[in-house]
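All of these numbers come straight from a predicted model, not from anything done at the bench.
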Protein chains: 2
Amino acid sequence: MVKGVLMEGFTDTEQKIINAATAVFLEKGLDGARMQEIADQAGINKALLHYYFRSKDKLFRTVFQNEIKNLLRTILDSAQSSQNFEQFLQSFITTYMKAIAPRTNLMRFAIWEFGKDNYSIVDTFLQTFREYGYPTNPLVETTQKAIDEGQIRSLDPAHFTLSLLGVCIFPFMIKPFIEKLIPGVNMSDEHFIEQRAKEIYAMIWNGLKPPDQKTG
Amino acid sequence: MVKGVLMEGFTDTEQKIINAATAVFLEKGLDGARMQEIADQAGINKALLHYYFRSKDKLFRTVFQNEIKNLLRTILDSAQSSQNFEQFLQSFITTYMKAIAPRTNLMRFAIWEFGKDNYSIVDTFLQTFREYGYPTNPLVETTQKAIDEGQIRSLDPAHFTLSLLGVCIFPFMIKPFIEKLIPGVNMSDEHFIEQRAKEIYAMIWNGLKPPDQKTG
DNA sequence: GTCTATACATCGATAGAC
DNA sequence: GTCTATCGATGTATAGAC
């Protein structure tokens, strides 16, 4: 969870509960989380959890939607207006990784919960996109526009979006694995992110240049 | 789970249990899985589960290690010997996606379980790598060798490996999300994999060419 | 609103017959 | 080896006092 994110429409006690629930749910998952642990961490008792949020499931959904929206808003808010696609790509990679780096548990968690069909997470995404004026995924639309304008070669915007998200997100999802395998690495470190951003950009951009710009 | 994978050293009943346990664990996770459901799916009763595998946790570890090893062996077995890195890359992408496509639940599952520190999954990986004669990650080593031989430009092999794995794995981890968002897509379809493999290769390779080979 | 005490269900694990 | 029956622990949720 990212500390210091204020939420509107919640009382003081509700806020304490949500903070505690977020920490516990993201670490243990829906099934692994215990209401007692959430109560303890919030400094209250179990009964109060049910008083404010009818059930464990209701509390879970509130927490999850909140975190997803916070993440998307963080990314969309810091999306600087760029003059061209190359500039956009460069800043997007850094922005995106800086947003997910402190949220590795949310990433793991979201991937896991995506597999279930209990409720619609897709709607949470689309709704937040619409808040920012995008009818669907902003990355797909931005990429398509760049193709139409001849800024990049013709390719499938959906596949490119998946690839871009993959290189940015994937390493952080297996963060504990990487840091255990390579003892020296600290993925939360700003330096790691900056260096990785450069590597990603270098790998991707040359594959995007239109033929007449291929200079090496 | 991939059907039809035979395992050595297991009796008939053990095999039935493992098959059932694999299906349930991969879908529900360790915490969400129920011994009763595993027993039902195996066509036996709960007591027998504990007779063969002392505890839920023991059964879980057996299943998980089995699946990881099956996956790694599938990939490493079908790694064709290639004349150069470009050829290797091209076949690797297809091979890798074909191996993980029927294992989307294992991917989700592994990512989730990686976050816990209860037991060492890292060892399972390293051990399987060693079986095939690689002291550490085969991709990192293959990439480093290609750099040393001047087949590709100088880059960080670790970052490149993370990126390559990311573009291959990530889309399949959010498969339900993608197929819900884009109604027409079926990611299990061979055609989708082939098309995506081409897109990934096209994106990556041009960023890897040494300067003197950059023709477009 | 906040607490203690408890109801009620379910789970993992075991005992013991066959 | 395989079954039925059950124990003991723990979980979510609620009742009721303050």
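Over its length, the helix from C/dG1-D/dC18 to C/dC18-D/dG1 turns its helix axis by 10°, as judged from the five terminal pairs at each end, rounded to 10°.
Identified under the ring pair (Phe, Tyr, Trp, His ring centres under 6.0 Å) test for residues 167-188 of chain B, with sequence neighbours left out: A/Phe114-B/Phe177, A/Phe125-B/Phe177. Screening residues 23-44 of chain A for ring pair (Phe, Tyr, Trp, His ring centres under 6.0 Å), with sequence neighbours left out, gives A/Phe25-A/Phe60. For the salt bridge (Lys or Arg N to Asp or Glu O under 4.0 Å) condition, the pairs that include at least one residue of residues 34-56 of chain A, sequence neighbours left out, are A/Lys28-A/Glu37. Residue pairs satisfying the salt bridge (Lys or Arg N to Asp or Glu O under 4.0 Å) criterion with at least one member in residues 123-146 of chain B, sequence neighbours excluded, are listed as follows: B/Arg73-B/Glu131, B/Lys145-B/Glu149.
B/Glu27 places no side-chain N or O within donor-acceptor distance of the main-chain N or O of B/Asn105, the cut-off being under 3.5 Å.
Between chain B and DNA chain C, the heavy-atom contact criterion of under 4.0 Å yields a 5' to 3' nucleotide range of C/dC11 to C/dA15.
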Legend entry - Working for side-chain hydrogen bond (donor to acceptor under 3.5 Å, both in side chains), residues A/Ser188 and A/Lys175: CA-CA 9 Å; A/Ser188 304; A/Lys175 176 180 169 178; 2.5 Å; yes

Inset, instruction - Evaluate salt bridge (Lys or Arg N to Asp or Glu O under 4.0 Å) for A/Arg108 paired with B/Glu113, printing each intermediate quantity in order. - result: CA-CA 9 Å; A/Arg108 283 175 54 230; B/Glu113 297 298 331; over 6 Å; no

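Within 4.0 Å of B/Leu49, counting heavy atoms only, lies no atom of the nucleic acid at all.
Atom CD in B/Gln36 sits about 10 Å away from atom P in D/dT4, given to the nearest Å. Atom CZ of A/Arg34 and atom C1' of D/dA13 are 14 Å apart (whole Å).
Checking D/dT12, D/dA15, D/dT4 against every side-chain atom of A/Ala47, the shortest atom distance belongs to D/dA15.
Paired with B/Gln15 under the rule side-chain hydrogen bond (donor to acceptor under 3.5 Å, both in side chains), one option of B/Thr11, B/Asp12, B/Asn19 passes, and it is B/Asn19.
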